[in-house]
There are 2 protein chains.
Amino acid sequence: MGKGDDTRTAILDRGVRLATRVGLEGLTIGRLATELKLSKSGLFGHFRSKEALQIQVLDAAAERFVDEVVKPAVREPRGEPRVAALFDRWLAWTKSNSGPGGCLFVASAAELDDRPGPVRDRLVALQKGWLEMIAIIFRTGVTDGAFRPDLDPEDFAHDLYSVMLGFHHAARLLRDPRAEDRAHAAFGRLLSTARRPR
Amino acid sequence: MGKGDDTRTAILDRGVRLATRVGLEGLTIGRLATELKLSKSGLFGHFRSKEALQIQVLDAAAERFVDEVVKPAVREPRGEPRVAALFDRWLAWTKSNSGPGGCLFVASAAELDDRPGPVRDRLVALQKGWLEMIAIIFRTGVTDGAFRPDLDPEDFAHDLYSVMLGFHHAARLLRDPRAEDRAHAAFGRLLSTARRPR
DNA sequence: CCTACCGATCGGTAGG
DNA sequence: CCTACCGATCGGTAGG
């Protein structure tokens, strides 16, 4: 790993933080360069287009997301503990990137949903991957006998993500102190619907 | 109503549409002026700052939202029919401002949640008003005996809005054809929890 | 409502 | 990785 790679890593790290605050569109090359004490063209050389920078920032965030949210959850036992860990880690991720920040993917979703192009395509792929990960984790719980086998894992993933989006909105825009309690309550109701009766 | 007022109305109308597509930050004076075949400074004169334009665009959207979503719902009988009408109208609003577009308030939420200032303050006030409207409509249903009196109307409002946000994400970013079915199913579950047992 | 203009910043290029 | 630069666009002002 040479010096160029270090610089690249530093750029992407800072880029994730900046984009989380100001959006992927607000992530300008000039501003990012100033924050890193690089020249604009020096930074630009690492990418070649703003679009490439945006996509690589999304990928860098996804990598961190897997490390901080997905991997720790998958270490938990299948079924409820694993789903609960996924949910708690997601809340922690959103709060930690959150003073200020929030979740880059949620922030980008509304920003990009009407702007066709490779950046949007990448975000869509990442979000579908995330929903699929939730569905897989639910499915292993079905196999283990923890969850009802007649439920659609993708429905469950959609419903769980709705709870997360509701939390993000209440906590980050409205600064509602009850946001987390409500998220936990909604999660509990979702789980009790999914639990296999015995 | 003089000619100046007509122009103003036309500007705000177009501004709502443009901001829904490109965000409140992407709503530039120059672009809006070009679309309306006005000079930049001619348009600018109606407002005096971009911030004032953004706030008035939010207010104009809120006015339309009340006409298209809230008022028709309130004409329905209290309890379930009224809540169901509110939900259906909201879905229709999001879809109609949606080819392309979506809901300006949802789009602005993630964009502004980290940018303190009067525009954010206005959006927060409008969103709190919307959640309060849901809570009030729920409360009249409690009074009428349709909904459980031991539920917190603001919890209900939060949970209903979570379902809406989940729909927005699935429909607009992921273009998921099952988004609407899932939203209706989640709404049905929410209602069955809220229904007063008899 | 207009033309004409301001300084700042944008993404990107030339050339080293 | 840099300086120096390009044309385009930004929010906003002067003056009418």
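Keep in mind that the numbers below use all heavy atoms, side chains included, and drop hydrogens, waters and symmetry copies. Bear in mind the structure is a predicted one, so any value in this text is a computation, not a measurement. Below, chain A is the first sequence line, B the second, and so on; all start at residue 1.
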**Report entry** Whichever of T28(A) and S39(B) has its nearest DNA chain C nucleotide further upstream toward 5'
**Finding:** S39(B)

Report task. Provide, to the nearest angstrom, the distance between the CG atom belonging to L53(B) and the C1' atom belonging to dG12(D). Result -> 13 Å

Query raised in the report: Does K50(A) make a side-chain donor-acceptor contact with the base of dG12(C), cut-off 3.5 Å?
Result: no

Report task. Send over the distance from E25(B) CD to dT9(D) P, rounded to a whole Å. Result -> 18 Å

Requested in this report: Please check the phosphate of dT3(D) (OP1 and OP2 only) for any side-chain N or O of S41(A) closer than 4.0 Å.
Outcome: no

Query raised in the report: Any side-chain heavy-atom pair from R31(B) and V22(B) closer than 4.5 angstrom?
Result: yes

Query - Partner residues of E63(B) under the side chain to side chain contact (heavy atoms under 4.5 Å, CB included) criterion, sequence neighbours left out - result: none

Report task. Can you tell me the distance, in whole Å, between the CD atom of E51(B) and the P atom of dC10(D)? Result -> 18 Å

Report task. Mind calculating the distance between NZ (K40(A)) and P (dT13(C)) to the nearest angstrom? Result -> 12 Å

**Report entry** Euclidean distance, atom CZ of residue F47(A) to atom C1' of dT13(C) [Å, nearest integer]
**Finding:** 18 Å

Query raised in the report: Parallel, tilted or perpendicular: which describes the rings of Y161(B) and W90(B), with under 30° parallel and over 60° perpendicular?
Result: perpendicular

Query raised in the report: How many Å lie between CG on L43(A) and P on dT13(C), as a whole number?
Result: 15 Å

**Report entry** Nucleotide nearest I29(A) when distance is taken to its side chain, options dG12(C), dT13(C), dG12(D)
**Finding:** dG12(C)

Requested in this report: Quickly work out the Q54(A) CD to dG11(C) C1' distance and round it to whole Å.
Outcome: 11 Å

Query raised in the report: Looking across every strand, which nucleic acid part, if any, lies under 4.0 Å from S49(A) by heavy atom: base, sugar-phosphate, or nothing?
Result: sugar-phosphate

Query raised in the report: Does the side chain of F167(B) come within less than 4.5 Å of R172(B)'s, by heavy atoms?
Result: no

Query raised in the report: Taking CG from L27(B) and P from dC10(D), how many angstroms apart are they, rounded to a whole number?
Result: 11 Å

Report summary line: Answer for the Watson-Crick or wobble partner of dG15(C), both distances under 3.5 Å, is dC2(D)

Query raised in the report: Do the side-chain N and O atoms of H169(B) and Q127(A) include a donor-acceptor pair separated by under 3.5 angstrom?
Result: yes

